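Note that the structure is a prediction, hence the values are computed from the model and not measured.
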Amino acid sequence: MSGGSTPKAHRPGESDELAAVIQDALTTLWHQRRPEVIDDLKRLIALMQEIDRDPDESPTSTEARKLAHQLHGTFGVFGRPELKDRLSAIEQGLAAKDSQIDVLIATAQSVLVDLV
């Protein structure tokens, strides 16, 4: 053998078993993380409401974009594409700065409703 490794033979169904283990782990992690995600969404809504009151508040805008990005990734990791897509729209809207903030707030509130 010249430095390469030989691929392991897999048992029938081994991939399905691994997928089930991973899915169980993700489900457990989601249940642990869900309350924090709800708090993060509430914080994002509050930040966007601040932006609505004072659109020139740059640190608030930066924090809101970062939080929207984090939530976007969280929903992607946990296999929630419908929520991930809504957070993507919020993230893009915050970056554009010419979006209607009330629409972004309503979108975040709809995500929150789906989680509660």
Please collect all salt bridge (charged side-chain N to carboxylate O under 4.0 Å, His left out) contacts where either partner lies in residues 62-73, sequence neighbours excluded, each pair once.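 Listed once each, the pairs are Arg43-Glu63.
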State, with a plain yes or no, whether a side-chain heavy atom of [X] is found less than 4.5 Å away from one of [Y].
X     : Y     : value
Leu29 : Phe78 : yes
Asp85 : Phe75 : no
Gln49 : Ile45 : yes

Please test Met48 against Asp102 for side chain to side chain contact (heavy atoms under 4.5 Å, CB included), starting from the C-alpha separation and ending with a verdict.
CA-CA 8 Å; Met48 290 190 295; Asp102 57 330; over 6 Å; no
* **Residue Glu82 excluded, over 12 heavy atoms near CD under 6.0 Å** =>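 Yes, the 6.0 Å shell around CD holds more than 12 heavy atoms from other groups.
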Measure the spacing between [atom1] of [X] and [atom2] of [Y] and express it to the nearest 0.5 Å.
X      : Y      : atom1 : atom2 : answer
Leu112 : Ile38  : CG    : CD1   : 6.5 Å
Leu41  : Ser110 : CG    : OG    : 9.5 Å
Ile90  : Leu71  : CD1   : CG    : 8.5 Å

Subject >> Residues Asp114, Arg80: salt bridge by 4.0 Å N-O rule >> reply: no
Ala19 meets the side chain to side chain contact (heavy atoms under 4.5 Å, CB included) criterion, sequence neighbours left out, with none
For Thr60, the side chain to side chain contact (heavy atoms under 4.5 Å, CB included) test, sequence neighbours excluded, returns Leu47, Glu50, Ile51, Glu57
Handout entry: Minimum-distance pair of heavy atoms, taken over all atoms of Ser61 and Pro55
Key =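 Closest pair (atom of Ser61, atom of Pro55, distance): OG-O, 4.4 Å.
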| query | Of the non-hydrogen atoms in Leu104 and Leu94, which two are nearest, and what is the gap between them? | reply |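 Nearest heavy atoms, Leu104 then Leu94: CD1-N, 3.8 Å.
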Given the rule that I, L, V, M, F, W and Y join up when any side-chain heavy atoms are under 4.5 Å apart, are Val116 and Val111 in one cluster?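 Looking at the clustering, Val111 is in the same group as Val116.
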Check the hydrophobic clustering (I, L, V, M, F, W, Y; side-chain heavy atoms under 4.5 Å; chains of links allowed) and say if Val103 and Ile105 are grouped together. no
Leu87 vs Leu44, side chain to side chain contact (heavy atoms under 4.5 Å, CB included): CA-CA, chis, key distance, verdict: CA-CA 10 Å; Leu87 262 295; Leu44 178 60; 3.9 Å; yes
query: Does any N or O in the side chain of Ser88 come within less than 3.5 Å of the main-chain N or O of Lys84, such that one atom is a donor and the other an acceptor?
result: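 No; judged by distance alone, with no hydrogens or angles, the pair does not exist.
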